[in-house]
Participant: 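Sharing a structure, written as structure tokens. Questions coming.
Per chain, numbering begins at 1; letters A, B, ... match sequence-line order.
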Protein chains: 2
Amino acid sequence: MKQGADLQSLIGYQVQRANLRMDADARAALADHDLSPAKMTALILIRDNPGCDQTALGRALSINRSSAMKLVNILVDKGLIERRPGRDLRTNALVLLPHGEAQLAAMMKAMRASDAQMTARLSAAELRTLLDLLDRIGPDDTESE
Amino acid sequence: MKQGADLQSLIGYQVQRANLRMDADARAALADHDLSPAKMTALILIRDNPGCDQTALGRALSINRSSAMKLVNILVDKGLIERRPGRDLRTNALVLLPHGEAQLAAMMKAMRASDAQMTARLSAAELRTLLDLLDRIGPDDTESE
DNA sequence: TATTGTTATACTCTATAACTATA
DNA sequence: TATAGTTATAGAGTATAACAATA
């Protein structure tokens with residue numbers, strides 16, 4: 001299939017294509033671990049923010065409370081995290097359990113290998129440049145200045 | 001929420017974040033047009049490859065025949081494309097209809113504006129660099145040499 | 001045998017709306 | 001009033017498995 005000039009010139013489309021390639025490889029790398037890349041991200045966020053509540057986790061993952069609820073249920077059912085009493089009687093405090101920590105370590109290893117393999121054709125300097133450019137993608141703020 | 005070193009160093013994660021930001025803006029830009037970015041991409045591919053069949057379209061979009069079928073049904077129902085007799089009696093030839101062409105033009109305009117707005121903080125040279133780096137993300141081929 | 005389209009079914013992820021308890 | 005969690009329900013998008021027609 002021909003990919004015309006319209007598609008080639010859209011940055012958003014090319015970012016999406018790159019993301020699809022990386023995500024497919026990451027999913028394959030995690031296939032043995034029974035968790036999607038997004039669920040692994042959730043585990044990392046909970047580990048790095050112990051005691052966070054579900055709503056905050058959802059915000060960090062760009063999903064709403066209800067979706068965060070489902071995600072947390074799955075991780076709890078698998079014995080990877082735990083809900084503990086939170087800072088008031090409404091909130092849960094999420095913590096990573098030892099089992100989750102162990103599984104996360106194994107997944108991170110597979111994920112790093114996938115990441116390195118997919119970016120093997122870029123030098124360290126190019127990777128730094130890429131991260132910088134990606135980070136600067138976002139709404140133009142000139143109107144609010 | 002803290003975003004620890006593990007996440008910051010994963011290129012795949014940062015590509016995904018950038019993609020999420022651009023996709024959200026693109027969806028908002030297309031909200032009036034009743035078609036997702038992926039469906040707009042399908043229209044572009046059909047326009048640039050008139051007479052292509054559903055399976056080829058699916059391959060270009062990284063979805064299987066069955067999913068392509070559903071997508072094509074939606075575009076046909078909206079009067080944007082048409083199934084015509086293909087190169088043999090098994091295949092359909094997909095073509096963009098005038099109505100689809102008009103809607104695609106309007107969507108491209110909105111999409112280009114969104115794309116430009118989200119990349120406004122990058123210079124033309126930086127955008128070229130970004131496209132080059134993104135294009136080089138993919139499986140390392142060294143073992144097959 | 002292989003391929004294209006098609007249909008039925010199911011799964012994942014996400015969202016909305018409403019409810020409860022708490023603040 | 002506002003917020004956190006919860007539940008029920010629904011929609012989009014995708015996949016698998018099977019079948020018919022055609023190659």
Participant: Taking only the side-chain nitrogens and oxygens of N73(B), find out if one of them lies under 4.0 Å from OP1 or OP2 of dT7(C).
Facilitator: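 Negative; the distance criterion is not met.
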
Participant: Could you tell me if Q54(A) and N92(A) have a donor-acceptor pair between their side chains, going purely by distance under 3.5 Å?
Facilitator: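 Short answer, yes.
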
Participant: Name the atoms and distances for all side-chain donor-acceptor pairs under 3.5 Å in residues 97-112 of chain B, with sequence neighbours left out.
Facilitator:
from	atom 1	to	atom 2	distance (Å)
H99(B)	ND1	G79(B)	O	3.4
Q103(B)	NE2	H33(B)	O	2.7
R112(B)	NH1	S9(A)	OG	3.3
R112(B)	NH2	D6(A)	OD1	2.6

Participant: In whole angstroms, how far is the P atom of dT6(C) from the CD1 atom of I63(B)?
Facilitator: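 Atom-to-atom, I63(B) to dT6(C), this comes out as 14 Å.
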
Participant: Checking side-chain contact (heavy atoms from CB on, under 4.5 Å) for the pair L94(B)/D53(B): CA distance, chi angles, key distance, verdict?
Facilitator: CA-CA 6 Å; L94(B) 303 177; D53(B) 63 48; over 6 Å; no

Participant: Quick check for you: name the first and last nucleotides of DNA chain D, 5' to 3', having an atom under 4.0 Å from a heavy atom of chain B.
Facilitator: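 Under 4.0 Å from chain B, the extent on DNA chain D is dG13(D) to dA23(D).
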
Participant: dA10(C), dA17(C), dT6(C): which one has an atom nearest the side-chain heavy atoms of S66(A)?
Facilitator: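 Closest of the options to the side chain of S66(A): dA17(C).
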
Participant: Would you indicate what T55(A) reaches in the nucleic acid, counting non-hydrogen atoms under 4.0 angstrom: base, sugar-phosphate, or nothing?
Facilitator: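 Result for T55(A) = sugar-phosphate.
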
Participant: Quick one about N73(A) and R83(A) (side-chain donor to acceptor, distance below 3.5 Å, no hydrogens or angles considered), yes or no?
Facilitator: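 The answer is yes; a qualifying pair exists.
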
Participant: Starting at the 5' end of DNA chain D and moving along, which residue's nearest nucleotide shows up first, N64(B) or I74(B)?
Facilitator: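 Taking each residue's closest nucleotide, the earlier one in sequence belongs to I74(B).
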
Participant: Counting C-beta onward and ignoring hydrogens, is there a side-chain heavy-atom pair between Y13(A) and M40(B) closer than 4.5 Å?
Facilitator: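 The answer is no, as the side chains (C-beta and beyond) never meet within the 4.5 Å cut-off.
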
Participant: Would you mind reading off the distance between D77(A) atom CG and dT12(C) atom P, rounded to a whole angstrom?
Facilitator: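 Nearest whole value for this atom pair: 13 Å.
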
Participant: Please test V15(A) against D23(B) for side-chain contact (heavy atoms from CB on, under 4.5 Å), starting from the C-alpha separation and ending with a verdict.
Facilitator: CA-CA 9 Å; V15(A) 172; D23(B) 188 66; over 6 Å; no

Participant: Within this structure, what is the CZ-to-P distance between R59(A) and dT14(C), rounded to whole angstrom?
Facilitator: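 Roughly 17 Å, once rounded to whole Å.
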
Participant: Pick the nucleotide of DNA chain C nearest each of S67(A) and M69(B); which residue has the one closer to the 5' end?
Facilitator: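 Taking each residue's closest nucleotide, the earlier one in sequence belongs to M69(B).
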
Participant: Does dG5(C) have its OP1 or OP2 closer than 4.0 Å to a side-chain nitrogen or oxygen of T91(B)?
Facilitator: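 Checking T91(B) against dG5(C): no side-chain N or O falls below 4.0 Å of OP1 or OP2.
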
Participant: Does one side chain, of T129(A) or D132(A), offer a donor that lies under 3.5 Å from an acceptor on the other?
Facilitator: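 Not at all, the side chains of T129(A) and D132(A) share no donor-acceptor pair under 3.5 Å.
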
Participant: Between dC13(C) atom P and D23(A) atom CG, what is the distance in whole Å?
Facilitator: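 D23(A) atom CG is separated from dC13(C) atom P by 11 Å.
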
Participant: When the nearest nucleotide of DNA chain D is assigned to K70(B) and to D88(B) on a heavy-atom basis, which residue is associated with the more 5' position?
Facilitator: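 Counting from the 5' end, the first nearest nucleotide belongs to K70(B).
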
Participant: In whole angstrom, give the distance that lies between atom CZ of R65(A) and atom P of dT16(C).
Facilitator: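 Rounded to whole Å, this separation is 11 Å.
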
